[in-house]
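Since the structure comes first, as structure tokens, the remarks are kept for the end.
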Amino acid sequence: MRDSYRDELNATTELIVTVAGLVRTAVQDATTALVTADLTVAERVISGDARIDELTKEIEQRSFQLLARQAPVAGELRTVVAVLRMSYSLDRMGDLAAHIAKIARLRYPEVAAPEPVADQIKQMAETADSMIATAITTLENRDAEAAAGLATADSKMDELRSDQFHLLLSDDWEYGVEKAVDTALLGRYYERIADHAVAMGARTIYIVTGEAPEGENWPSSF
């Protein structure tokens, strides 16, 4: 019976990895829609968010069933709790990707991110994508050391966000208030995606070590 329980726990963890892959694709596609004014891709991201919502709800249900079926011990309990929190982070990342796609749709047929904003957005997207990939890999490998590197990677996103504000507030900004508001929102969306990737890394560390990481780059609540 215990083996069956562990099999179900492993299957639920694998579902987290599957959803993370969907989120990663959503962020990539939303960025493409944003910088190329591709309405078809934007609509695909927006409609695809329902699938991410559906799977994160399934993860929650499975996790609650695991808690109810038997009293999980030590590492098992940590894994169930961490998986529950990770499902929330993935759900939010999917929502954020949809928000990015909605801005692309709103400004269509114009490109929502003008140059040089598009270059910053691409860098933000690449940073977020790398962080999501790392979060997935560290969970699969139970690699607490690699997960710890996500806090450092998040500093790069913070630098990009700072550069973006400097651009928006500079005398060289010539794209008007509407584009400035869009850009500020988009930067916030990518920043939050990165924050959720850091949170996933923190929970992998918790699974492996039993302790929540501390420091200004880690989630204040666990």
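Below, each value reflects all heavy atoms present in this structure, side chains not excepted, and no hydrogens, waters or symmetry copies.
Residues Gln164 and Thr183 share a closest heavy-atom pair of OE1-O, 3.4 Å. Minimum interatomic distance between Pro109 and Ala37 (heavy atoms only, all atoms of both residues): O-CB, 3.8 Å. When all heavy atoms of Leu168 and Ala180 are compared, the closest pair comes out as CD2-CA, 3.8 Å. Ser63 approaches Thr12 most closely through the heavy-atom pair OG-CG2, 4.1 Å. Residues Ala147 and Ile205 approach most closely at CB-CG1, 3.8 Å, considering heavy atoms. Among all heavy-atom pairs drawn from Arg85 and Arg203, the shortest one is NH2-NH2, 3.2 Å.
Neither side chain, Thr127 nor Tyr190, offers a donor N or O lying under 3.5 Å from an acceptor on the other. Side-chain atoms of Gln28 and Asp129 include a donor-acceptor pair closer than 3.5 Å. A donor-acceptor pair shorter than 3.5 Å cannot be found between the side chains of Gln65 and Arg62.
The backbone N or O of Tyr206 lies less than 3.5 Å from a partner atom in the side chain of Arg78, making a donor-acceptor pair. Side chain of Thr138 to main chain of Ala135: a donor-acceptor pair is present (N/O by atom type, distance under 3.5 Å, no hydrogens or angles). Although no hydrogens or angles enter the test, the distance criterion places no donor-acceptor pair under 3.5 Å between the side chain of Ser162 and the main chain of Asp158. Remark: side-chain polar atoms of Ser170 are paired, donor with acceptor, to backbone N or O of Leu167 under 3.5 angstrom.
To the nearest 0.5 Å, atom CE of residue Met131 and atom OG1 of residue Thr152 are 9.5 Å apart. Once rounded to the nearest 0.5 Å, the distance linking CG of Asp29 with CG of Asp38 reads 9.0 Å. Leu67 contributes atom CG, which lies 11.0 Å from atom CD of Glu76 (distance to the nearest 0.5 angstrom). Note: Leu186 CG to Leu96 CG = 11.0 Å, rounded to the nearest 0.5 Å. Taking CG from Asp7 and CD from Glu14, the interatomic distance works out to 9.5 Å, rounded to the nearest 0.5 Å. Taking CD1 of Ile121 as the start and OG1 of Thr31 as the end, the distance is 7.5 Å to the nearest 0.5 Å.
Between Arg192 and Asp195, at least one side-chain nitrogen of the basic residue sits less than 4.0 Å from a carboxylate oxygen of the acidic one, meeting the salt-bridge criterion. For Glu191 and Arg188, the salt-bridge test passes: some basic side-chain N is under 4.0 Å from an acidic carboxylate O. For the pair Glu110 and Lys179, the salt-bridge criterion is met [side-chain N within less than 4.0 Å of a carboxylate O].
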Q | side-chain contact (heavy atoms from CB on, under 4.5 Å) evaluation trace for Phe64 with Leu84 | A | CA-CA 9 Å; Phe64 289 136; Leu84 269 170; 4.1 Å; yes
**Q.** Verdict with reasoning, Arg51 to Glu54, per salt bridge (charged side-chain N to carboxylate O under 4.0 Å, His left out)
**A.** CA-CA 5 Å; Arg51 178 59 176 162; Glu54 177 185 333; 2.8 Å; yes
Q: Evaluate the side-chain contact (heavy atoms from CB on, under 4.5 Å) criterion for residues Lys102 and Leu106: first the C-alpha distance (whole Å), next the side-chain angles of each, then the deciding distance (0.1 Å), finally the verdict.
A: CA-CA 6 Å; Lys102 286 175 182 177; Leu106 179 65; over 6 Å; no
Q: Could you check Tyr108 against Ile103 for side-chain contact (heavy atoms from CB on, under 4.5 Å), going step by step and ending with a plain yes or no?
A: CA-CA 9 Å; Tyr108 179 84; Ile103 289 180; over 6 Å; no
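Between Val19 and Ser87 the shortest side-chain heavy-atom distance does not fall below 4.5 Å. The side-chain heavy atoms of Met124 and Arg161, taken from C-beta on, include a pair separated by under 4.5 Å. Under the 4.5 Å side-chain criterion, counting only non-hydrogen atoms from C-beta, His196 is not in contact with Leu90. Ile193 places a side-chain heavy atom less than 4.5 Å from the side chain of Ile100. A 4.5 Å side-chain heavy-atom check between Asp91 and Lys57 finds every atom pair outside the cut-off. Side-chain atoms of Glu58 and Leu15, non-hydrogen and from C-beta on, do get closer than 4.5 Å to each other. With a 4.5 Å cut-off on side-chain heavy atoms, Met93 and Arg24 do not count as touching. In this structure, Ile207 and Leu139 have side chains that are in contact, with non-hydrogen atoms separated by less than 4.5 Å.
Linking ILVMFWY side-chain heavy atoms closer than 4.5 Å, directly or via other members, places Leu185 and Met157 in a single hydrophobic cluster. Val198 and Leu160 are not part of a single hydrophobic cluster, where members link through side-chain heavy atoms under 4.5 Å apart. Both Val83 and Val17 are members of a single hydrophobic cluster when ILVMFWY side chains are connected at heavy-atom separations under 4.5 Å. Residues Ile16 and Leu9 do not share a hydrophobic cluster, clusters being chains of Ile/Leu/Val/Met/Phe/Trp/Tyr side chains in contact below 4.5 Å. Note on Met86: it does not cluster hydrophobically with Leu66, by side-chain heavy-atom contacts below 4.5 Å among ILVMFWY residues.
The aromatic rings of His99 and Tyr189 sit tilted relative to each other, their planes meeting at an angle between 30° and 60°.
For Glu115, the CD atom counts as densely surrounded, since its 6.0 Å shell holds more than 12 non-hydrogen atoms of other residues, nucleotides or ligands. By the 6.0 Å contact criterion, OH on Tyr175 is enclosed, its count of non-hydrogen atoms from other residues, nucleotides or ligands being greater than 12.
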